[in-house]
Trainee: 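What follows is a structure written as structure tokens; I'll ask about it next.
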Protein chains: 2
Amino acid sequence: MSQHSGSEAEADKATGPKTERGRRTLRKLLDAAGEEFGARGYHETAISNITGRAGVGLGTFYVYFKSKEEVFRALVADMGARTRHALSESTKGAQDRLEAERLGIQAYLDFVRTHQALYRVVMEAQFVAPEAYRDYYRTFAAAYRQQLAHAADRGEISPGQDDEVRVWALMGASSFLGIRYGVWDVETDSATIAAAASDLMINGLAPRPKKNGDAS
Amino acid sequence: MSQHSGSEAEADKATGPKTERGRRTLRKLLDAAGEEFGARGYHETAISNITGRAGVGLGTFYVYFKSKEEVFRALVADMGARTRHALSESTKGAQDRLEAERLGIQAYLDFVRTHQALYRVVMEAQFVAPEAYRDYYRTFAAAYRQQLAHAADRGEISPGQDDEVRVWALMGASSFLGIRYGVWDVETDSATIAAAASDLMINGLAPRPKKNGDAS
DNA sequence: TTGAAACATGAGTCAACATTCAGGTTCCGA
DNA sequence: TCGGAACCTGAATGTTGACTCATGTTTCAA
């Protein structure tokens with residue numbers, strides 16, 4: 001809900017609010033919208049809920065946004081940027097891609113847990129703003145593919161048969177774990193989950209020989 | 001949209017339609033609802049769209065369903081049953097769990113492709129009928145866990161650290177591949193995708209030694 | 001000090017449904 | 001052939017909520 005380079009979805013052409021007061025109001029609306037949409041869902045949320053929470057008049061909403069859908073899209077885009085940022089940060093200390101996978105999964109779970117409401121917005125975007133949703137995952141997938149390609153070059157992971165497929169499978173795994181353990185069940189320790197999940201993603205289901213060559 | 005043992009969500013207590021005519025009308029409504037919801041989404045679909053497509057009067061809808069949400073839930077439950085059925089069928093010929101995984105992924109993709117509309121209903125259930133959605137995946141997860149447990153006993157797969165986590169990761173992977181290759185891109189050959197995906201699920205990302213022990 | 005740009009407001013407009021209901025029509029056993 | 005059960009119908013009702021607009025208020029540069 002903050003640093004956008006400039007080109008935006010605000011009703012106000014490309015410039016956005018001109019005064020400090022305006023920027024504050026916009027921020028309040030964006031935050032309120034995120035909380036309301038996250039808590040009640042898009043269709044259950046009325047503009048008046050948003051303006052009520054933001055503490056501004058109903059009409060004020062339309063000073064900043066052309067429509068209900070527009071805030072929603074802005075929110076999705078914002079979440080995408082934030083999630084990518086959180087993930088790339090979490091991954092910085094990794095020795096190799098395999099470790100990065102584990103760190104990434106855990107960071108993702110933690111991120112979802114601390115942003116449950118906004119995460120819901122992203123998922124609902126699939127139906128409210130399909131374009132925004134696709135962009136969200138496509139952008140993600142593109143960056144992820146790069147990572148895998150580099151890692152494969154370095155021999156840190158197997159080349160694989162199709163990186164696009166791998167990336168979507170991996171995103172799907174994390175996404176579902178995000179629902180199951182980030183939204184439905186927030187108790188289980190995220191490091192444990194990430195360990196189990198990354199073990200699967202790294203080593204697969206296939207049976208593994210015992211460490212010390214066991215005869216028979 | 002058909003064989004339910006009896007206990008149902010129809011407005012008519014538990015018994016359902018008493019005559020052949022009634023059963024036909026119910027079927028028509030259910031089919032029409034599936035198509036409309038699938039094509040336009042829950043909120044964009046009006047009851048009159050459904051009855052229009054079904055070729056019955058508006059009021060007739062309420063002879064069979066208590067509300068809009070009720071048809072929707074019925075549809076989700078129906079999809080769950082059908083999907084489980086399709087998957088367990090596809091898996092029957094498998095030699096072991098690893099092969100079953102590949103067959104399952106492919107069957108799932110094919111299923112989504114041939115039931116795009118209804119698949120969308122399942123995903124939207126997350127917001128329209130969260131209970132139905134959770135049931136859908138929980139039922140799925142329970143059955144899947146059993147499969148994995150048996151397979152681990154037989155030594156066909158590694159024991160793993162946590163089957164609940166594995167199962168959700170695997171479901172997530174398939175689900176995303178279902179969106180990516182079952183809904184958004186229906187061109188790519190499903191067997192190829194399933195092969196690449198199951199390779200990842202079975203062997204993981206980790207680099208694999210060359211077949212013939214290459215002395216570095 | 002002033003006027004115009006920027007911002008704020010909430011009552012009112014309007015269209016879109018979900019659901020109801022009062023009154024048919026069809027089917028079928030007796 | 002009759003009566004009632006099952007089924008069908010679509011006009012009318014009532015609510016909800018996005019969006020508009022005419023009218024303020026605030027800010028700030030000149």
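Each chain gets a letter, A, B and so on, in the order its sequence line appears, and its residues count up from 1. Computed from heavy atoms alone, side chains included, the values below leave out hydrogens, waters and symmetry copies. Everything quoted here is computed from the prediction, not taken from an experiment.
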Trainee: Just how far, in rounded Å, is P of D:dA6 from CG of B:Leu26?
Mentor: 16 Å
Trainee: So that I can tick it off, tell me whether B:Arg166 and B:Asp163 are bridged by a salt bridge, with the cut-off set at under 4.0 angstrom between side-chain N and carboxylate O.
Mentor: yes
Trainee: Between A:Glu44 (CD) and D:dG17 (P), how many Å, whole number?
Mentor: 8 Å
Trainee: Name the nucleic acid region contacted by A:Thr45, choosing base, sugar-phosphate or nothing; use a 4.0 angstrom heavy-atom cut-off, strictly under.
Mentor: sugar-phosphate
Trainee: For D:dC8 and B:Tyr64 - does any side-chain N or O of the residue sit under 4.0 Å from the phosphate oxygens OP1/OP2?
Mentor: yes
Trainee: For the pair A:Glu70 and A:Arg73, find out whether any cationic side-chain nitrogen is under 4.0 Å from an anionic carboxylate oxygen.
Mentor: no
Trainee: What integer distance in Å separates A:Lys28:NZ from C:dC7:C1'?
Mentor: 12 Å
Trainee: Looking at D:dA18, C:dT19, D:dC8, which one has an atom nearest to any side-chain atom of A:Ala46?
Mentor: D:dA18
Trainee: Salt bridge or not between B:Arg180 and A:Glu164? Use side-chain N to carboxylate O under 4.0 Å.
Mentor: yes
Trainee: Taking any heavy-atom pair under 4.0 Å as a contact, classify B:Gly59: base, sugar-phosphate, or nothing.
Mentor: base
Trainee: Among D:dC19, D:dC7, D:dC8, which nucleotide sits nearest the side chain of A:Tyr62?
Mentor: D:dC19
Trainee: Report the distance from atom CZ of B:Phe37 to atom P of C:dC17, rounded to the nearest whole Å.
Mentor: 13 Å
Trainee: Give B:Thr19 one of three labels, base, sugar-phosphate or nothing, depending on what nucleic acid heavy atoms sit under 4.0 Å from its own.
Mentor: sugar-phosphate
Trainee: Rounded to the Å, how far apart are B:Ile47 CD1 and D:dT15 C1'?
Mentor: 16 Å
Trainee: Determine yes or no for a side-chain-to-main-chain donor-acceptor pair under 3.5 angstrom, with B:Thr60 supplying the side chain and B:Val56 the backbone.
Mentor: no
Trainee: If you pin B:Lys68 and A:Gly22 to their nearest nucleotides in DNA chain C, which one's is more 5'?
Mentor: A:Gly22
Trainee: Looking across every strand, which nucleic acid part, if any, lies under 4.0 Å from B:Leu58 by heavy atom: base, sugar-phosphate, or nothing?
Mentor: base
Trainee: With a 4.0 Å cutoff (strictly under), does any side-chain N or O of A:Thr60 reach OP1 or OP2 of C:dC7?
Mentor: no
Trainee: Counting only side-chain heavy atoms from C-beta out, which of C:dA8, D:dA18, C:dT19 sits nearest to A:Val63?
Mentor: C:dA8
Trainee: Can you measure A:Asn49 atom CG to D:dG17 atom P for me and round it to whole angstrom units?
Mentor: 8 Å
Trainee: If I take atom CZ from residue A:Arg145 and atom CZ from residue A:Arg138, how far apart are they, to the nearest 0.5 angstrom?
Mentor: 13.0 Å
Trainee: Between D:dA6 atom P and B:Arg24 atom CZ, what is the distance in whole Å?
Mentor: 17 Å
Trainee: Without decimals, in angstroms, what is the distance between B:Glu20 CD and C:dC28 C1'?
Mentor: 15 Å
Trainee: Closest nucleotide of DNA chain D for A:Arg21 versus for A:Tyr42: which of these residues is on the 5' side?
Mentor: A:Tyr42
Trainee: Contact class for B:Ser48 (heavy atom, under 4.0 Å): base, sugar-phosphate, or nothing?
Mentor: nothing
